[in-house]
Enquirer: 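What follows is a single structure, and I will ask about it in a moment.
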Amino acid sequence: MGKLHVILNKEALNKHKLNNQKIVVVFDILMATSVITSVLKNGAKEVLPVLNGEEALREAEAREIDSFLLVGEYQGLTIEGFLSPHPQELKEAVKNKTVILSTTNGTVAIRNAVEAKKVFVASLLNADYSARKVLEEQSDETVVLVCSGSSGAFNVEDFYGVGYYIDCLLSHSRNQWELTDSAIAAHQFYIGAAESGEELLRKSRVGQMLLQNGLEDEIAFVATKDKYNISAIVNKEGMVIIEN
């Protein structure tokens, strides 16, 4: 029997307890993991999640000038000299590029998870397909579902996304799962809000900030369930790629 556990923000993820034994799935619905899912589907070669803008610039120095894109925000503001991390704005620019991505929460959460047995990157856009890939990997390991959260705080959009992912896992699984209290709460929350995901994202703190910046279409896009049949994973080099 496998176990499902939900961590409510990236700061609560103890990377030293992962010990190459657990499967981790990282969520940052608004926006990092949605961006990653989208740019990979739109032809990006890979995505390199970094901790901050300074690390992104160091990574860029070692690369050919036309081989990458710098994409990032900090505390909701686009980093100077970077492209904004919004899926629709990036889709025409990413083909065959390495996307060096820096965000306040999601890319940090991915980096915090690298000691796990395997790290998946998921969003509403690819949740069902990703969940089925996790089931192919999982035997009796704990699957840890990580809400990136917002600078140490809980956020509702990641909790909703995790709840939907749990729903996908349960619906496709032939085996019994042990759900921790946080996993039960996330799943029950999703069941209650299943048909109002976009509204929920719009009402969230980050969603309100995006609306103020005229990004209604981006919210509607990332609220779309299962638009893409891809599984995004972190490889040994720390790059997020499409799993074949």
Side-chain angles (χ1 to χ4, degrees), residues 7-18 24-40 44-90 93-94 97-116 119-123 144-155 157-158 161 204-210 212-213 215 218 222 232-241:
I7 290 179
L8 298 181
N9 56 59
K10 65 185 186 301
E11 289 78 9
L13 178 62
N14 187 335
K15 56 188 176 182
H16 302 297
K17 290 186 177 181
L18 298 176
V24 171
V25 191
V26 178
F27 299 79
D28 183 3
I29 303 299
L30 294 174
M31 283 277 181
T33 62
S34 299
V35 170
I36 291 170
T37 304
S38 178
V39 299
L40 288 173
K45 179 181 176 184
E46 59 200 359
V47 178
L48 176 60
V50 297
L51 296 175
N52 51 47
E54 291 77 13
E55 183 182 353
L57 292 172
R58 289 196 299 271
E59 289 287 345
E61 288 177 357
R63 300 174 186 275
E64 294 183 10
I65 195 162
D66 292 327
S67 69
F68 67 90
L69 294 175
L70 285 169
V71 180
E73 58 77 23
Y74 181 69
Q75 298 295 345
L77 299 176
T78 302
I79 300 170
E80 185 176 357
F82 288 50
L83 298 174
S84 296
H86 302 134
Q88 302 273 66
E89 294 180 13
L90 292 168
V94 298
K97 303 282 190 182
T98 296
V99 175
I100 303 174
L101 179 64
S102 177
T103 67
T104 310
N105 299 295
T107 57
V108 178
I110 294 168
R111 288 285 293 273
N112 286 349
V114 295
E115 298 300 323
V119 180
F120 290 80
V121 174
S123 64
V144 180
L145 306 168
V146 179
C147 301
S148 294
S150 184
S151 298
F154 169 87
N155 70 27
E157 64 270 19
D158 290 347
S204 70
R205 185 186 67 82
V206 176
Q208 287 293 302
M209 182 175 62
L210 293 170
Q212 290 171 12
N213 290 322
L215 295 168
E218 296 287 1
V222 303
I233 60 167
V234 181
N235 68 13
K236 292 180 180 179
E237 289 72 45
M239 297 285 188
V240 186
I241 61 170

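All figures in this text were calculated on a predicted structure; none of them were measured in a lab.
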Enquirer: Begin with the C-alpha distance, continue with both residues' side-chain angles, and end with the deciding distance and a verdict on side-chain contact (heavy atoms from CB on, under 4.5 Å) for Met239 and Lys45.
Expert: CA-CA 10 Å; Met239 297 285 188; Lys45 179 181 176 184; over 6 Å; no
Enquirer: At their closest point, which heavy atom of Leu48 faces which heavy atom of Gly238, and how far apart are they?
Expert: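 So the two residues come closest at CD1-O, 3.9 Å.
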Enquirer: Quick one: does any side-chain atom of Glu115 pair with a main-chain N or O of Leu18 as donor and acceptor, under 3.5 Å?
Expert: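 Here the side-chain-to-backbone pair does not exist.
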Enquirer: Examine distances only and state if a side-chain atom of Ser34 and a backbone atom of Leu30 form a donor-acceptor pair shorter than 3.5 Å.
Expert: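 Answer holds: no.
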Enquirer: Measuring from atom CG of Leu215 to atom CD of Glu89, what distance do you get when rounded to the nearest 0.5 angstrom?
Expert: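 Between atom CG of Leu215 and atom CD of Glu89 there are 6.0 Å.
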Enquirer: Is there a side-chain contact between Thr98 and Glu59, using heavy atoms and a 4.5 Å cut-off?
Expert: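 A side-chain contact is absent here, since even the closest heavy-atom pair is not under 4.5 Å.
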Enquirer: So do Val206 and Glu157 actually touch side chain to side chain, heavy atoms under 4.5 Å?
Expert: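 Contact flag for Glu157/Val206 side chains = yes.
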Enquirer: Would you say the side-chain atoms of Ser150 pair up with the backbone N or O of Ala153, donor to acceptor, closer than 3.5 Å?
Expert: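 Not a single qualifying donor-acceptor pair exists.
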Enquirer: Less than 4.5 Å apart, side chain to side chain, heavy atoms only: is that true for Glu55 and Arg58?
Expert: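 Yes, at least one pair of side-chain atoms sits under 4.5 Å.
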Enquirer: For the pair Lys15 (side chain) and Ala116 (backbone), establish whether a donor and an acceptor sit closer than 3.5 Å, ignoring hydrogens and angles.
Expert: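 Pair absent, no side-chain N/O of Lys15 close to backbone of Ala116.
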Enquirer: Mind listing the closest non-hydrogen atom pair of Asp158 and Ser148 along with its distance?
Expert: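 Smallest heavy-atom distance, with atoms named: OD2-N, 3.2 Å.
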Enquirer: Compare all side-chain heavy atoms of Val144 with those of Lys17 and state whether any distance is below 4.5 angstrom.
Expert: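 Answer no - side chains too far apart.
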Enquirer: What heavy-atom pair brings Pro87 and Val222 nearest, and what distance separates the two atoms?
Expert: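 Pro87 and Val222 have their closest heavy atoms at CG-CG1, 3.9 Å.
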Enquirer: Between Asp28 and Gly106 (side chain of the first, backbone of the second, donor and acceptor by atom type, cut-off under 3.5 Å), is there such a pair?
Expert: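 Yes: the side chain of Asp28 pairs with the backbone of Gly106.
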Enquirer: I want to check something: taking the side chain as every heavy atom from C-beta on, are Thr107 and Val50 in contact at a cut-off of under 4.5 Å?
Expert: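 Of all side-chain heavy-atom pairs linking Val50 with Thr107, none is under 4.5 Å.
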Enquirer: Let me confirm one number: the CG-CZ distance from Leu210 to Arg205, rounded to the nearest 0.5 Å.
Expert: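 Nearest 0.5 Å value for the CG-CZ distance: 10.0 Å.
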Enquirer: I would like to know whether Ile241 and Ile233 meet side-chain contact (heavy atoms from CB on, under 4.5 Å); could you show each step before the answer?
Expert: CA-CA 6 Å; Ile241 61 170; Ile233 60 167; 4.1 Å; yes
Enquirer: Sequence neighbours left out, cut at 3.5 Å: what donor-acceptor pairs do the side chains of residues 75-86 make with other protein atoms?
Expert:
from: Gln75; atom 1: NE2; to: Ser151; atom 2: OG; distance (Å): 3.4
from: Thr78; atom 1: OG1; to: Ser84; atom 2: OG; distance (Å): 2.7

Enquirer: How would you list, by chain and number, every residue that makes a side-chain hydrogen bond (donor to acceptor under 3.5 Å, both in side chains) with Asn105, sequence neighbours excluded?
Expert: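 Applying side-chain hydrogen bond (donor to acceptor under 3.5 Å, both in side chains) to Asn105 gives Lys10.
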Enquirer: If we only count heavy atoms from C-beta on, is the Ser38 to Leu90 side-chain gap below 4.5 Å?
Expert: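 No. Closest side-chain heavy atoms not under 4.5 Å.
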Enquirer: In Å, rounded to the nearest 0.5 Å, how long is the span from OG of Ser123 to CE of Met31?
Expert: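 Reported value, rounded in 0.5 Å steps: 11.0 Å.
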Enquirer: Please determine whether side-chain contact (heavy atoms from CB on, under 4.5 Å) holds for the pair Val234 and Val26, giving the CA-CA distance in whole Å, both sets of side-chain angles, and the decisive distance to 0.1 Å.
Expert: CA-CA 10 Å; Val234 181; Val26 178; over 6 Å; no
Enquirer: Determine the minimum heavy-atom distance between Arg63 and Ser67, stating which atoms define it.
Expert: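 Smallest interatomic distance, heavy atoms only, reads CB-OG, 3.8 Å.
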Enquirer: Would you say the side chain of Asn52 lies within less than 4.5 Å of the side chain of Tyr74, judging by non-hydrogen atoms?
Expert: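 Side chain of Tyr74 against side chain of Asn52, heavy atoms only: no contact under 4.5 Å found.
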Enquirer: What pair of heavy atoms forms the shortest contact from Leu69 to Ala93, and how long is it?
Expert: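 Heavy atoms only, the tightest pair is CD1-O, 3.3 Å.
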Enquirer: How far apart are the closest heavy atoms of Ile7 and Asn9, and which atoms are they?
Expert: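 Closest heavy-atom pair between Ile7 and Asn9: CG2-O, 3.2 Å.
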Enquirer: In the structure I gave you, are the side-chain heavy atoms of Leu70 and Leu57 within less than 4.5 Å of one another anywhere?
Expert: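 Result yes, sub-4.5 Å side-chain heavy-atom pair found.
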